[in-house]
Amino acid sequence: MISFIVHGGAWDIPDDLVEAHRNGVRKALAIGWKILSEGGSAVDAVEKAVNYMEDDPTFDAGRGSFVNAVGEIELDASIMNGTTFRAGAIAAVQNIRYPISLARIIMDKSEHILLAGMGAVRFGREHGILQCKNDELLVGRELERWRQLQSKQKFSTKDAFRKKTPHDTVGAVALDKNGVVVSGTSTGGTPNKYPGRVGDSPLIGCGTYADSSIGGASCTGWGEAIIKVVLAKTVIDMLEHNGGDAVIGAQQSIQRLEKKAEGFGGVIVLNNKGIPAIAYNTPRMARAYRTSEMNSDDVEV
Ligand code: GLY
């Protein structure tokens, strides 16, 4: 069994943006699926699929990310290998074209897990990771949003997640032919965030978690709430104690997010047999998945 699932955010995606989201997750799925079906690794499938969504300005990750309160783009990302139990993550990092690739280099080449700010950029430079100008990540839509938010008296992150604000985070979970489960997540965070704000996405256990003996998860939504319930690890703990039922685990974890932290968002999950599950408490969530037991992709927004 091989299996692959991706997401492109959970929020009130307006009708006119549905097609762009559908296309984005469909193409990301195809990239990862090709790698897995040709015998490639779950790490490569997750990295390359997330790279695609980091390039697609539809999503709040890499190019197309939100702008922070002082006009900069700060990126968060993480990746975890559920077999080696190694992980890599970056927080509040600027000028990086493919944040998940920098997280992967940290996983592969560093004795640390999470590098923040200039230290992460420095590590990336030492390992040949592509740097870019802020302008290469900035798209007109986000510049315009930033200008509008700047003129408002007060804007709370919580408001952003309740309204039709385009966002979110992208992620992927893969099971390869060797039984390795890998999860990864990448984001530009929240609009007009305070400089240095870090969400759930780079925090192992919050936005991303993988344990090949149980499964893997990647989250999206309001990071401050997701952190409080350690959402990704919560899902995997639920699977460990419910016999590996990914559907129930995903649903119950989102119920917990809402009940305990008034949070909203979504999660994608694969269990250790590659059974996929999706749960969200927002109006829509962009996602796509395929397993070796399916003849075609399942793509939904
Ligand atoms: N879930 C992404 C963030 O809050 O930064």
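Just follow the structure's listing: the first ligand is 1, and inside any ligand the first atom is 1. Count residues from 1 along the sequence.
In terms of polar-atom proximity, defined here as any N/O pair under 3.5 Å, Arg197 does make such a contact with ligand 1. Considering backbone and side-chain atoms alike, Gly199 places every N or O at 3.5 Å or more from each N or O of ligand 1. Between Gly223 and ligand 1, an N or O atom pair is found at a separation short of 3.5 Å. At under 3.5 Å, a nitrogen or oxygen of Asp200, whether backbone or side chain, sits near a nitrogen or oxygen of ligand 1.
When atom types are taken as modelled, the side chain of Asp76 and the backbone of Ser186 share no donor-acceptor pair closer than 3.5 angstrom.
Hydrophobic cluster of Val70: no remaining members, since no ILVMFWY side chain lies below 4.5 Å from it.
With hydrogens and angles left out, the side-chain atoms of Thr291 and Ser3 include no donor and acceptor closer than 3.5 Å.
Taking the six-membered ring where tryptophan is involved, the planes of Phe59 and His21 are perpendicular, since the angle between them exceeds 60° and thus also 30°.
Per-residue contacts place Gly221 under 4.0 angstrom from the following atoms of ligand 1 (heavy atoms of the residue considered): 1 (N), 2 (C), 3 (C), 4 (O). The Thr169 neighbourhood of ligand 1 comprises atoms 1 (N), 2 (C), with distances under 4.0 Å to a heavy atom of that residue.
Checked against Ser212 for a side-chain hydrogen bond (donor to acceptor under 3.5 Å, both in side chains), the options Asn81, Thr84, Thr83 give a single hit: Thr83.
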